[in-house]
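In what follows, chains carry the letters A, B, and so on, assigned in the order in which the sequence lines appear, proteins first and then strands, with residues in each chain numbered from 1. Everything quoted here is computed from the prediction, not taken from an experiment.
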2 protein chains.
Amino acid sequence: MKTDEMGALPLANYTINDVAKQAGVSKATVSRYLNGHFERMSETTKARLKTVIADMHYVPNHNASALKSKRTHQIGVVVGDLANGYAPYLVKGIAAITQPLGVQILVAEGKTVAQERDVLLNLLSQNVDGIILQPRSPHAFDYQFLQDANVPVMLVDRLIAPLVFACVTSNDRQATNILAQAVLEKGYQQVLVIANPLAEASVRQERFDAWQNVGQKMNVPVTLLEVDDDEVDDLQTWLTRVHDQKAVIFAANGNLLLATLKWLQHHHITIPETVGLCGYDDWHFGGLAAPALTVVNQDLHQIGETVAKQLMTLIAGDDITICRTEIPADIHMRQSV
Amino acid sequence: MKTDEMGALPLANYTINDVAKQAGVSKATVSRYLNGHFERMSETTKARLKTVIADMHYVPNHNASALKSKRTHQIGVVVGDLANGYAPYLVKGIAAITQPLGVQILVAEGKTVAQERDVLLNLLSQNVDGIILQPRSPHAFDYQFLQDANVPVMLVDRLIAPLVFACVTSNDRQATNILAQAVLEKGYQQVLVIANPLAEASVRQERFDAWQNVGQKMNVPVTLLEVDDDEVDDLQTWLTRVHDQKAVIFAANGNLLLATLKWLQHHHITIPETVGLCGYDDWHFGGLAAPALTVVNQDLHQIGETVAKQLMTLIAGDDITICRTEIPADIHMRQSV
DNA sequence: GTGAAAGCGCTAACAC
DNA sequence: GTGTTAGCGCTTTCAC
């Protein structure tokens, strides 16, 4: 290995052996130093190593240490759609916990169950220490291979049945209940819930159930419109049917809320005069729309932090109970209903 | 290693040795198979390995192969703020290129130059094959260590001087020029440009320069308000000063645009009657605001794809010219001016 | 066309 | 308190 006399030297190619030689100790000692095993290391060697490592700009090779220690200090985060307003806040919440710990985040997108499986397998082969997954499928058997792989897994946003991994979501049922109650008290006679296919995710079902329950209690009919691709043209039919009643639309997620808002604006349907609009997740700009939107806002940052903390616990080898942790969502009553 | 008779077996702990033994070949042959070196492999062993690997659910250990081959198939992506509307679309664009290639993305956030340095060093120690960086600092010397590390680096969104790494941005100067021209043709007599500190990023300067040039040509004074933290209270002063003139505000990025819009709404200042508003990056909801916003919209997905492609070229060992690639932005003229 | 063997850079017993 | 040593699972010459 080259010696350097000329100042700032390449952050490069030095190995633990070079450091050991330079410091006049064995590489075991260097390794101990690097891993913070100072229990019975003399202050002198400690100090010496500190300066030598700094001088050499030595950077340990993670791959080698991971190979040996079986710890990569990397976790995988798999979301359904990276550009969905959900993902960034979630990832930021996760990063707030992991980054100070020196744990890196591998993000990947699983747009279909098959693609999700691919990226998960890929993540496993990278030996990630753990995985945070917004699952595409509600069925545990689709994730059998994850259980078999014996890697810590946390779910976020969606549940699977049976619940074989711990999960963090918001309090969907409760929050939707409160919103529904508040909205229906304004005297609406018809409700349309626009959602992606309920069967694919149990929280969707919960949000719909909440409306049904409140609707029943207050004697207001609740209609369901399941759409697959944020294409909301079908709401024309419903609008026609209820045109002489005071009606309100609930869009069950942020994308649908936006799609619906755009559709209504495009068709020059006034909100809330002709039809009321409320929904889930305005990603900080519901207040800017015309009119400002009444919404349930999930605390994504908190969800991310919580799921990351629980994953870190699992990775540390401590058990946690396999259950759903619910993070309270905020409800913003504004002018769109 | 256990043999399995009972169907789906743990995706686990099999090594290349196990596969070799099971297939009755040497691990060298298995390795060749895994890496697609079929040049002179008999069809029979090829077929045999295929089935054995599938049967065993063997998954190669990336850390081991990375240690030996010096290729991790991971790239680092460092952005200033993960929750900024910029990041998700960019990352998605990058993922569109890398995911099919089996290249994983390590995302990290660099909120300050110091933190950015930390995460970059961390990334280097993970032996990422390359780095995409939205640089916090405009000075190349802050990234000397990256050059020394001899790792492929691509910049995105912002330049550094001298330009020692290739970079992908939008056509800031040109797009802003077109917008400015179109806006001023509406007869505005005063312009306020709200931006984060210009000195920190040359594209900010470009956007301001564009306004200055157009303003000069059309004889309209252009004022600059530099704010540090999306706190736009100071625009009160300017508004008072120009209250009897037809005035327009240009917010130089999406966050500032939102902050400004919120501030104006909060102070019940009508747009565009009292003051016009336009800006950069509405992240798909500028059309929903009241009134719909006139903006320059960067093609973030395209930027992400482009920067990822160029990085892949660099990683493949091919040279690219160190220059700035500009992706045309869209200009949306709407009702806010 | 395939195998043997030498490491990649690190960790963790186990010595002393 | 520190050194010796045996691998972790893979890739890649170099033989044959």
Rounded to whole Å, please give me the gap between CG in B:Asn61 and C1' in D:dG7. 14 Å
List the steps, then state whether side-chain contact (heavy atoms from CB on, under 4.5 Å) holds for A:Thr169 with A:Arg324. CA-CA 7 Å; A:Thr169 68; A:Arg324 170 181 186 176; 2.8 Å; yes
For a quick test of reading the model: is some side-chain N or O of A:Tyr58 closer than 4.0 Å to OP1 or OP2 of C:dC10? yes
Is it the case that the ring center of A:Tyr33 lies less than 6.0 angstrom away from the ring center of A:Phe38? yes
Nearest of C:dC10, C:dT2, D:dG3 to any side-chain atom of B:Thr29? C:dT2
Do the side chains of A:Asp81 and B:Lys92 get close enough for a salt bridge, i.e. N-O under 4.0 angstrom? yes
A:Asn17 or B:Met41, whichever maps to the more 5' nucleotide of DNA chain C: B:Met41
How long is the line joining CG of B:Leu49 and C1' of C:dG3, in whole Å? 14 Å
Greater than 12 external heavy atoms within 6.0 Å of B:Lys111's NZ: yes
Without decimals, in angstroms, what is the distance between B:Tyr14 OH and D:dG9 C1'? 16 Å
Please confirm whether the shortest side-chain N or O distance from B:Lys70 to OP1 or OP2 of C:dG9 is below 4.0 Å. yes
Do A:Tyr143 side-chain atoms and A:Ser137 backbone N/O form a donor-acceptor pair below 3.5 Å? yes
Hey, is the side chain of A:Ser26 poking within less than 4.0 Å of OP1 or OP2 on D:dT4, counting only N and O atoms? no
Can you tell me the distance, in whole Å, between the NE2 atom of A:His62 and the C1' atom of D:dC8? 16 Å
Rounded to whole Å, please give me the gap between CG in A:Asp18 and P in C:dG9. 9 Å
Rounded to whole Å, the OH-C1' distance (B:Tyr33 to D:dT11) equals 18 Å
Provide a list of protein-nucleic acid N or O atom pairs under 3.5 angstrom, restricted to nucleotides 11-15 of chain C.
residue	atom	partner	partner atom	Å
C:dT11	OP1	A:Asn35	OD1	3.4
C:dT11	OP1	A:Asn35	ND2	3.2
C:dT11	OP2	A:Ser31	OG	2.7

Rounded off to whole Å, could you give me the CE-to-P distance for the B:Met56 and D:dG9 pair? 13 Å
Given C:dT2, is OP1 or OP2 found less than 4.0 Å from the side-chain N or O atoms of B:Thr45? yes
Out of A:Arg71, A:His73, A:Lys70, which one pairs with A:Asp129 under the side chain to side chain donor-acceptor pair (under 3.5 Å) rule? A:Arg71
Test: side-chain hydrogen bond (donor to acceptor under 3.5 Å, both in side chains). Region: residues 312-321 of chain B. Which pairs qualify, not counting sequence neighbours? none
Check the distance between D:dG9's C1' and B:Lys21's NZ and give it to me in whole angstrom. 13 Å
